[in-house]
Number of protein chains: 2
Amino acid sequence: MTVAVIPFKPRNPKTRLSCVLDEQEREAFAEAMLLDVVGAVRDADCQAVILSTELFDSDLVQVTIKDMGLSDATNEYLSCAVTDVLIIMADIPLADRESIKRVTGTKKDMAVVPGRGGGTNVIYVKEPARFHVDYYGGSYLKHMRIAAECGLSCDVIDSFRLHTDIDEKEDLAELLLHGSGKSRAFLEEKGFSLTTENGRVGVERKR
Amino acid sequence: MTVAVIPFKPRNPKTRLSCVLDEQEREAFAEAMLLDVVGAVRDADCQAVILSTELFDSDLVQVTIKDMGLSDATNEYLSCAVTDVLIIMADIPLADRESIKRVTGTKKDMAVVPGRGGGTNVIYVKEPARFHVDYYGGSYLKHMRIAAECGLSCDVIDSFRLHTDIDEKEDLAELLLHGSGKSRAFLEEKGFSLTTENGRVGVERKR
């Protein structure tokens with residue numbers, strides 16, 4: 001069974017949403033998105049493992065690696081992995097069974113889904129010990145280069161559901177438009193709704 | 001053969017790019033993107049027809065409908081169409097054969113690809129006279145509603161290549177990251193390149 005590793009930052013996450021959500025709300029929202037991603041990877045027949053640098057209150061299986069950044073912690077995990085591994089970000093709540101299956105169904109050695117703005121939202125590697133990650137700063141191009149250097153053939157999966165990371169206020173519109181899980185319900189509960197201004201859809205918060 | 005209708009505005013297009021491109025450059029850039037889309041639909045075995053409200057200098061097949069908005073002009077075309085029709089926006093230069101084939105290969109009556117921010121970037125209808133479009137102001141949800149009202153089953157195709165419309169400066173990063181056609185070459189020729197700031201990829205123009 002494919003293990004889906006989901007790096008997660010439980011404390012003070014998603015600071016670029018501070019304009020519309022306070023710290024406690026951002027923590028609850030980040031966890032709602034995480035649960036949506038966990039649900040999606042399970043629907044896609046993967047086993048979810050949360051990779052965090054501190055333990056947090058949850059029933060989910062957690063691997064906790066202290067005092068490390070996201071890349072180092074993930075590489076630590078990859079070097080010991082015995083099955084194929086899916087590394088999927090916790091802030092892509094539009095992820096669904098079908099999009100993840102397109103990733104894990106690759107015929108190549110690995111597959112990548114770029115995030116908006118040059119990041120990497122999903123990586124799937126059949127032989128994890130042969131690959132290493134390097135997040136931050138245009139990681140998509142870096143990962144393509146690392147794959148080539150490691151002699152691994154690499155698919156790029158074309159999915160807007162996996163491409164859409166929720167970082168900023170305007171991204172919330174995508175979640176209200178295309179989401180159906182806990183994170184969308186959280187936003188609605190907090191009074192967020194879609195608005196239309198100058199022909200574009202945005203969001204507003206009413207309470 | 002599927003006809004691919006590409007609505008196009010030749011004069012003073014893409015005003016939200018005025019901060020980095022002057023009017024003449026925006027017209028050239030819009031035409032480069034159009035040519036990329038034309039190339040992609042032809043690769044996907046469609047016949048490209050440009051739908052415009054004024055004639056412009058080009059060898060492409062043009063249907064010109066004067067004094068009408070995008071929606072009315074498109075509906076005028078749909079009501080007379082005798083084959084299945086793909087309506088595809090001229091500002092999605094990441095479009096490629098594979099993503100378009102996923103749209104035209106739908107088993108349902110029609111298929112839609114949402115654009116970023118609630119727009120509609122691609123519509124495919126097997127029986128065009130049964131459908132009508134209504135662009136602007138969150139058109140994705142409107143088109144889903146119209147499909148339901150017309151009794152047409154509708155697929156939503158999950159593609160970031162077709163989802164990514166190029167409207168604003170930050171969108172240019174996506175084109176430099178994932179594009180390979182004339183519009184990417186245009187940007188490079190004009191001195192645009194990728195930058196990395198605070199871990200995110202952006203663009204800068206050097207000349």
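Per chain, numbering begins at 1; letters A, B, ... match sequence-line order.
- Between the side chain of B:Arg130 and the main chain of B:Val125, no donor-acceptor pair closer than 3.5 Å is present.
- Contacts of B:Arg102 with chain A are made by side-chain atoms alone, with heavy-atom separations under 4.5 Å and no backbone atom involved.
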Would you check, one step at a time, whether the test salt bridge (charged side-chain N to carboxylate O under 4.0 Å, His left out) holds for A:Glu174 with A:Arg116? CA-CA 13 Å; A:Glu174 302 300 327; A:Arg116 186 162 165 88; over 6 Å; no
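- By the 30° and 60° cut-offs, the orientation of the rings of B:His163 relative to A:Phe160 is parallel.
- The contact between B:Tyr140 and chain A is made entirely by side chain atoms (from C-beta outward), counting heavy-atom distances below 4.5 Å.
- Dense packing is recorded around NZ of A:Lys14, with more than 12 heavy atoms of other residues, nucleotides or ligands lying under 6.0 Å away.
- Looking at B:Ser139, neither its backbone nor its side chain comes within 4.5 Å of chain A, counting heavy atoms on both sides.
- With respect to chain B, the highest number of heavy-atom pairs below 4.5 Å among A:Gly115, A:Gly138, A:Pro114 belongs to A:Pro114.
- Counting non-hydrogen atoms of neighbouring residues, nucleotides and ligands closer than 6.0 angstrom, the CD atom of A:Glu168 exceeds 12 such neighbours.
- Residue contact with chain A, scored on non-hydrogen atoms closer than 4.5 Å, is absent for B:Leu94.
- Using a 4.5 Å cut-off between heavy atoms, A:Leu194 touches chain B through its side chain atoms alone.
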